[in-house]
Each structure stands twice: as C-alpha cells, then as structure tokens.
J.: 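One structure is given below, represented as structure tokens, and several questions about it will come after.
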Amino acid sequence: MKRIILITLAAVALSCSGKNAEPASQLIEAEYFSSPGGWVVDDQFYDQLGTSYLMAHGMGIPVEDAATTVFLPRAGRYHVWVRTYNWNAPWDPSQAPGRFTLLVDGKQIGKELGVRDSEWTWQYAGRIKADIHEESGGAAVRVALHDLTGFNGKCDALFFSTERKPQFPTKRKHPEINGLQKYDLIVAGAGTAGISAAIAAARLGLKTLLVNDRPVLGGNNSPEHHIGASGRLKTQPYPQLGTVMMELGNVFSDYKHAEEMIEAEKDLRVLLRHRVVGVEKEGDLIKAVKVLNLASGIITVIQGSYFADCTGDGNLGVLAGASFMQGQEARDVFNEDLAPEKPEGLSYGSTMPWSAEKADSVSTFPECPWAFAFNDSTAIPDLHHRWFWETGFYLDQVKDAELIRDAWLRIIYGNWAWLKNSPKFKDEFANARLKRVGYVLGKRESRRLKGDYILTQNDIEGDWRSRYDDPVVWCTYSIDQHFPRQDAVEKWGKDAFFSTMKHNHNPLGISRRYLKEGIDYNMPYMLPYRCLYSADVSNLFMAGRDISVSRIALCSTRVMGTTAVTGEVVGIAAAVCKQFGCTPRALYTDHLPQLKAALKKGVPTRFGDHYHQN
C-alpha cells in the first residue's frame, strides 16, 4: 500500500512539472542547515543584514561540508541561486579568498561561488533535477556547501525556482508566537553590564530575563575575546556596589563559574543566541520586545515592565526610538577642550583576537596575495594580538561592522602568511601554527543613548560634587583616548591598524609612573544615576558603554569593571522602581533617598570574590 501511495504522489508531482504548471520556489536559510559541518554560524551582523549566515572559518584549511536536505514543492527541474559575495572585493575584486562550490546529491553544480560582487547578491549556481524522495513522498535533494580555501567563504541562503528569472525574496519572514510569562525586567545584552543588571535584579526578587545574541556570556570579557575588566569596585559611599562583578571575575577565566552564578538565580532566565529585533510600544513605554531565536528563526513576543539596554550598540534603545549620540562631538557642543574643534570622523577602533603556538613539527601556510600587503619591514613577528591591534578608526562601528571584521581577516592572514613564507622570518616561524583567529568583532564604542544627564569632560575634571545630587558609580579609569598611530597611518593610510593611547586623567589606582612623567593626576569621580535611563523612553534603563555620556567621557566610563557597576545599579534601581510603581525618571525626582539607601545596602552575596581590583 505504501509503495502504491508513493507512486501516485510521484505521478502527480511529475504531471505538475510540465510547461503549464504554476511556478514553484523554495528559500533555504543556510544558518538552519541540519549539519553545518565545519562552517560557523555568524549572527553578529543581523542588524545590518537582517539575517545570519554560514562562514567557512578554517584559518586557511578547507572546512568540512555544510549539508542539509531540501524539500521542494514538486519534482522537476529547478534553477538554483546562492546568496553570497566576494568579501575581499572592497579592497581587490580580482582576488577571491572565500571560494566554495555547491553540491547537489553529491555532484558539483556550476562554477565556483563567492568570486564576484562587492556586496551580498544572488549568484546563479546552475540547474538541477529534483526527484521524488521515497521516505517523504515529496521532491527532495541533498545539498552541501563545499569549501575550497578555509578563508571565510560566506553563504546566506539558497533559492530554488522553476523560473529562470524569478522574484527573489527580500525581507525574511519569521513566525511569531506570544510568550506566556511577563517579566519585571528584560535585559538585552550579556556583557559584564548585562550580567550584573540581571543577577542584581533577580537577587532582589524581580522576575528577570537576560537576552544575549551570542552563544556565550560576557561580551568583550567572554571566551570569544579574552579582554580583561578594569575599574575599582566596592568603594564608599556605596561599599556594596560591585558585588556581582566581584563574584563573577573575568568571565573568560572561569566560564563554568559564570554559568553557575546564572543558574543559582531562581528568578533569572537566560536566552543565549537570541536577539531583540523589535519592540511594541504604548506611548513612550515599551510594552514588549520581539525576541528572535537565532537557532530556529522563531520570534517570541515577551512582555515586560522595565527594560535595560546593555547591548553596547544601543540596539534596544534604537528600536524603541530612543535618542542617541554617535561619533565625536565638536569642542563647543559640551565645551570640552579634549574634543576636536571639528569632528574628524574618528572613532575607537575594534579588535579581533588571534594567537599562534610553537609546535613540535614544521607547518606551512599558504601565501595570501589577496590579503593586506606586508613586507619585511612592516610585518609584525608576534604570536598573538596585543591591545593596540585596533582598526576601523575612520569607519562607522555599527554600519560598517562587517567590513571592519573582514579587514581584520585580511590583516591577520596577510601578516601570518608573510611570517611563514618570507625568507627573513620563515625559519623563526617554521614550527609556528595558528591556534586561534577570532571572527567576532570586539568593539570599544558605537552608540550612546541620551539620558536626563549627559556626563562630560567637565564633570570628570571639575567639581562634580557640586554639579549633581545623584552620584552612584565610582569611575576610576582615565580619559583614555585611542588614535591611529602616526607611523601606521604613514604606512597604511586609513587602513591603519595600530593605535596609540593618550591618558588625560589618571585615577586612583593607575601606576605612579604617570606622575613621574609629569602627567596631571586627578581623583576618581562619580557618575550620576540620570545617565542610566533614557530621556524619552520612559521605562528604559541602559548600562555599559551605551550610557548617556559624551564621547570624551566614554573614554573613561567604558572599562568593564565600571560598566558592570552601572549594570548593578540598574538592577537595584529596577527593584526600587517596582516597589514604588514608578518610572526610572520618577525614581530620581520622587524617590532618590530610597534609591541611595538601596544602593548602600546592595545585593545579597552568594559567591566568593573572583575579581582582581585595579
């Protein structure tokens, strides 16, 4: 009986594949392949692309095929397109490092992909025939992405159509469901600020949701980056503030410990590989967020009373229509003498970690003529990146994020290829092999959401005690501006990837050598509470690097020990807001003494100290 049914289905499908049949098509998102093989899912540019994609991140060694079974509307012949591009084209369109082919039922279809276009486009792969799939009774093919280089070939999606010139899908549609539970506080972003906000709120009895678009906790402090936290904690007049970060320590040092801290909070739920992609508002209040499961493509609408943007980029705030600042301000905007007379278009650069190791045997690495060009005088004979490996100074750290990341791939591979193949260095590096090349960008700045107070250089260096009545967070790091190093600019122009720092305010705890060098020494200062909530979205807090500060002030407030305390203050403030049924602004105007009392009390302690004070 089963065989008769399958034959009947096959006959119907074949009869529909004639010239008079209606056009049929199918979109397949690569990030949902059943077997990604050695390809990685890159989610980090969702805001710019509206999608995630697969990437063959093999550090110069071709990775295992990514594969899946594609079920098509009917049997017959289909044209196939692949959404990809030559990611090296913005620098040199003649060379394509990320080449791959498409296999259908084990056979290569068409020519190499990823070899043309300087932006994401649909590239024609070829024509296939889809037969009836015996088990399902429908038409199906087995497809695979076959990497040829190990140098970051990218595939966003496949599109099958019976038409040679179809209408390609533009905006991806995600099914939406309603979440069943309403939370007191929803925190977007799980860097040190987001973790601290979520744990503080949960320990004070708030039903809390922490949403993070990466598969791990920690942001720049995570195992993906290994960037250490700076900033002093537990300082008078609030000696309990910093409890969570003190217990947490550097997330990358003991990731299991970070997970244990999260799991210990019965009122805290964490969603990893989930991203806030929309909001529902009523007036100037956020009522719910739309949270996309990056692994399944399903959006859940989740209600909340209060929300905290700890994303770094201010993603939640921007979706909610919050006012924000980005880039340099001119000197006269806040009367800051460290700001440029006219904005120079400079930002902090971003970093991407890499490391190599010495092995017992000789290894090779391909020459990379497509990569950043080095020579014997410009190559850097290192086995790992350093803090000053920083690039993207002249680009938009949000809009151009993928371009900056790809620039790093060209820099890292170009330098390593020269060390491995140049007569000057190849003997020294003969036994060295790449151990790790990151692909997730580590940002230092992007957007800053406007609050009721904007902290500036004048607050940091002036008499801040007389300027505001709501100081809550001790900031103990200097105004540490980064600039592209002049010799790097002379060598590489706007592609410069070495930075230099300029400290203009050196806080308590900074090495005394700065004093010997004649640099001014100033005491730490305190950040006002009004920098931690939005000026125009009534129930939105913010913590981390996207708080309400000028660009010059950001140079001091951005370090992760300090951002963690801003998160802890937000968690405590949300609990006090719930107690009085008020907005974050009303907490300042009507209940500031109660907030200060709650900050002095702090949150319960559950674990021992893991943080090294500096």
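What's counted below: heavy atoms across the whole structure, side chains too, no hydrogens, waters or symmetry copies. Throughout, numbering of the chain's residues begins at 1 and tracks the sequence.
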J.: In sequence, state the C-alpha distance, the side-chain angles, and the governing distance for Asp470 and Tyr453, and then conclude on side-chain hydrogen bond (donor to acceptor under 3.5 Å, both in side chains).
T.: CA-CA 10 Å; Asp470 55 339; Tyr453 196 96; over 6 Å; no
J.: Any salt bridge between Glu31 and Arg172, counting N to O under 4.0 Å?
T.: no
J.: So Asp313 and Gln397, side-chain hydrogen bond (donor to acceptor under 3.5 Å, both in side chains) or not? Walk me through it.
T.: CA-CA 9 Å; Asp313 281 351; Gln397 296 292 319; over 6 Å; no
J.: Got a salt bridge between Arg83 and Asp156, using NZ or NE/NH1/NH2 to carboxylate O under 4.0 Å?
T.: yes
J.: Evaluate side-chain hydrogen bond (donor to acceptor under 3.5 Å, both in side chains) for Tyr238 paired with Glu568, printing each intermediate quantity in order.
T.: CA-CA 12 Å; Tyr238 300 116; Glu568 192 167 319; over 6 Å; no
J.: Is any side-chain N of the basic residue among Arg606 and Glu260 closer than 4.0 Å to the acidic one's carboxylate O?
T.: no
J.: Run the salt-bridge test on Arg558 and Glu445 with the 4.0 Å N-O cut-off and return the result as yes or no.
T.: no
J.: Would Asp452 and Arg585 pass as an ion pair if we require N to O under 4.0 Å?
T.: yes
J.: Could you tell me if Ser550 and Gln457 have a donor-acceptor pair between their side chains, going purely by distance under 3.5 Å?
T.: no
J.: If you measure from the Lys or Arg side-chain nitrogens to the Asp or Glu carboxylate oxygens, is any gap between Asp42 and Lys154 under 4.0 Å?
T.: no
J.: Tell me which one of Trp387, Phe497, Phe388, Trp389 satisfies ring pair (Phe, Tyr, Trp, His ring centres under 6.0 Å) with His482.
T.: Trp387
J.: Distance only, no hydrogens: is a donor on one side chain within 3.5 Å (strictly under) of an acceptor on the other, for Arg410 and Asn88?
T.: yes
J.: To the closest 0.5 Å, what do you measure between CG (Asn221) and CG (Leu248)?
T.: 7.0 Å
J.: For His591, run the side-chain contact (heavy atoms from CB on, under 4.5 Å) check against Leu595, Leu587, Thr589 and tell me which one passes.
T.: Leu587
J.: List the steps, then state whether ring-ring contact (aromatic ring centres under 6.0 Å, His included) holds for Trp39 with Phe33.
T.: CA-CA 10 Å; Trp39 296 60; Phe33 271 29; 8.5 Å; no
J.: Would you please classify the geometry between the His174 ring and the Tyr46 ring as parallel, tilted or perpendicular, with 30° and 60° separating the classes?
T.: tilted
J.: Classify the ring geometry of Tyr468 against Trp464: parallel below 30°, tilted from 30° to 60°, perpendicular beyond 60°.
T.: parallel
J.: Whether Asp546 and Arg447 form a salt bridge (side-chain N of Lys/Arg under 4.0 Å from carboxylate O of Asp/Glu) is what I want to check.
T.: no
J.: Using only heavy-atom distances, determine whether the side chains of Thr562 and Thr557 contain a donor-acceptor pair under 3.5 Å.
T.: no
J.: ring-ring contact (aromatic ring centres under 6.0 Å, His included) between Phe483 and Phe393: does it pass, once the steps are laid out?
T.: CA-CA 8 Å; Phe483 302 93; Phe393 299 101; 8.7 Å; no
J.: Is any NZ, NE, NH1 or NH2 atom of the basic residue among Arg275 and Asp43 found under 4.0 Å from an Asp or Glu carboxylate oxygen of the other?
T.: no
J.: Could you go through Ser538 and Asp284, starting from their C-alpha distance and side-chain angles, then the distance that decides it, and tell me whether this counts as side-chain hydrogen bond (donor to acceptor under 3.5 Å, both in side chains)?
T.: CA-CA 6 Å; Ser538 291; Asp284 63 356; 2.6 Å; yes
J.: Find the distance between CG (Leu455) and OH (Tyr525) and round it off to the nearest 0.5 Å.
T.: 5.5 Å
